[in-house]
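One structure is given here, and the rest of the page talks about it.
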Amino acid sequence: MTGYVVTRAGYASDIAVVVGERLLSGIAHGPGLGEHRATWAAPPHLHVRELLALLTAAEIRGRGGAGFPFARKVATAVESGRRRVLVVNASEGEPGSAKDSALMMTAPHLVLDGAEAVARALGVKHIRIVVPGERPAVLPSVEAAVAERKALGDGLRYDIWTTGGGFVGGQARAVIELLEGRENLPVTAWQPEAVSGFKGRPTLLSNAETFAQVAALVALGPARFGSVGTPEEPGTTLLTVAGDGPGGVVLEVALGTPLSEVLRLCGYEPDITVLLGGYHGMWLPPEQAVQRRMSRSDLSSVGATLGAGIVLPLDRQACPVTLTAAVVDYLAGQSARRCGPCKNGLPALAEACSHLATGGAPGARERIEQLSGLVTGRGACAHPDGTARLVGSLLRNFGSEVSAHERGVCEIAAGVAV
């Protein structure tokens, strides 16, 4: 694989970005605007009806985690009839994800092309860009790209904001709080951002890859855009493999690509345990990992989700019970601590998972199930729900190992097949 290395200050290692078929196709030429235009033409000015027709035909979904249809989000902002706001969210608080950082460092103008196309269609003249505070190398790359566009006098205003870092800092409402001058933490929202976001105005807030996908769609048209992927899910998606440790890779694959192929491309055996979707994701045991595809519809058949495109392979000698306890402890410390489920529930859940991992904790499963039920659906944001989802997938898919830990034995450490 031909690739380029992106430095991620403050993280375990640098990460390799592999030249891709579409979004990452031009990264070999460099991130500058001149080099970018050698691969991608400037986006045309589209009427909002034309943009919505394109988005609907290509069925583009948000690449930030929830997978919400982007056309519906745009239509909601349009229907408001009020002055709109556009935000490119490249903050990526999830340690296992680096795809948006990679885009903003290797192909920033593709993201900005998509933002420009949407902004002009919506009559927005001010584009706000949010970058991760914990990855300082991203900011100068975005500043350089913005300076190049301003030098051309494109008539748009760009402002760049930096998050305070942390897992929940990139959550939509946390970003709105940041833009409004308050602490970069999520709060309870009664309406979607597309209805009432920044200062109560309709706010089209989506992540960097989503805007890059829009740029590709506008440039290629629905037919060429859908020439890869599946009929139900056309196009490509960016994945971060092993992004929370050494050997991390960002690559682009067609939607519907087998997970086993992704693992092989990154140097892993296909029949291994995988945490899919990041720290709010789901454990897939080897027998499921070898069958699944990078497709929302396929993954939903086992209750999993592509999320933000995070694939975390697990070493065969590593125990998912022990790792889950470590992740839940991290997540409990990353909450906004503004509601009961985060302030009280997640620390209690982390303690219960730690007792299970340590071993010799009869009844730990029941305690974990009880706490997971208490935090689910009751938080000011989805942080407790995501944490409970991770823990629930451990209990479902590694029941034998969970039971062994309750008895004080780790079957994986003992070399017992699970």
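In this text, all values refer to a predicted model and were calculated from it rather than measured experimentally.
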Using modelled atom types and a 3.5 Å cut-off, is there a donor and acceptor pairing between side-chain atoms of [X] and backbone atoms of [Y]?
X    : Y    : answer
S295 : G256 : no
E180 : R182 : no
E35  : G30  : no
S372 : E369 : no
T56  : A53  : no
R365 : G399 : yes
T240 : K99  : yes
T163 : G133 : yes
E252 : L23  : yes
H405 : A357 : yes

Atom pair [atom1] ([X]) and [atom2] ([Y]), whose distance is rounded to the nearest 0.5 Å:
X    : Y    : atom1 : atom2 : result
W40  : S25  : CH2   : OG    : 5.0 Å
L103 : N207 : CG    : CG    : 9.0 Å
L346 : T387 : CG    : OG1   : 5.0 Å
R72  : E79  : CZ    : CD    : 11.0 Å
W161 : N89  : CH2   : CG    : 13.5 Å
I60  : L54  : CD1   : CG    : 8.5 Å

Check whether the side chains of [X] and [Y] place a donor and an acceptor atom closer than 3.5 Å, and report yes or no.
X    : Y    : value
E21  : T236 : no
H36  : H29  : no
E209 : Q213 : yes
E92  : S101 : yes

Please name the pair of heavy atoms, one in [X] and one in [Y], separated by the smallest distance, quoted to 0.1 Å.
X    : Y    : value
A361 : H355 : CB-O, 3.5 Å
A90  : A208 : CB-CB, 4.0 Å
M104 : P108 : O-CB, 3.4 Å
G114 : V214 : O-CG1, 4.2 Å
R367 : A352 : CG-CB, 4.0 Å
A174 : P186 : CB-N, 3.5 Å

Do NZ/NE/NH1/NH2 and the carboxylate oxygens of E177 and R173 come within less than 4.0 Å?
-> no
salt_bridge(R296, E59) N-O dist < 4.0 Å = no
Pair E233-R293, salt bridge (Lys or Arg N to Asp or Glu O under 4.0 Å): steps then yes or no = CA-CA 12 Å; E233 298 175 66; R293 294 178 175 271; over 6 Å; no
Given side chains that start at C-beta, do those of [X] and [Y] come closer than 4.5 Å, heavy atoms only?
X    : Y    : result
P95  : F167 : yes
L314 : P320 : yes
I176 : V187 : no
F198 : V87  : no
P270 : R264 : yes
F70  : L204 : yes
V311 : V274 : yes
K73  : S206 : yes

Report yes or no: is the cationic atom of R22 (NZ for Lys, CZ for Arg) under 6.0 Å from the centre of the six-membered ring of F225, at an angle within 45° of the ring normal?
-> yes
Candidate pair L239 and L306, rule side-chain contact (heavy atoms from CB on, under 4.5 Å), full reasoning = CA-CA 9 Å; L239 302 175; L306 192 59; 4.1 Å; yes
List the steps, then state whether side-chain contact (heavy atoms from CB on, under 4.5 Å) holds for L390 with L275.
-> CA-CA 9 Å; L390 169 68; L275 178 55; 3.5 Å; yes
Determine whether more than 12 heavy atoms belonging to other residues, nucleotides or ligands lie under 6.0 Å from atom CZ of R396.
-> yes
Run the side-chain contact (heavy atoms from CB on, under 4.5 Å) check on L86 and H126 step by step: do they pass?
-> CA-CA 7 Å; L86 189 146; H126 184 181; over 6 Å; no
Whether Y279 and Y330 hold their rings parallel, tilted or perpendicular, with breakpoints at 30° and 60° | perpendicular
R149 and D113: CA distance, side-chain angles, deciding distance, side-chain contact (heavy atoms from CB on, under 4.5 Å) verdict = CA-CA 10 Å; R149 297 176 90 93; D113 278 354; 2.9 Å; yes
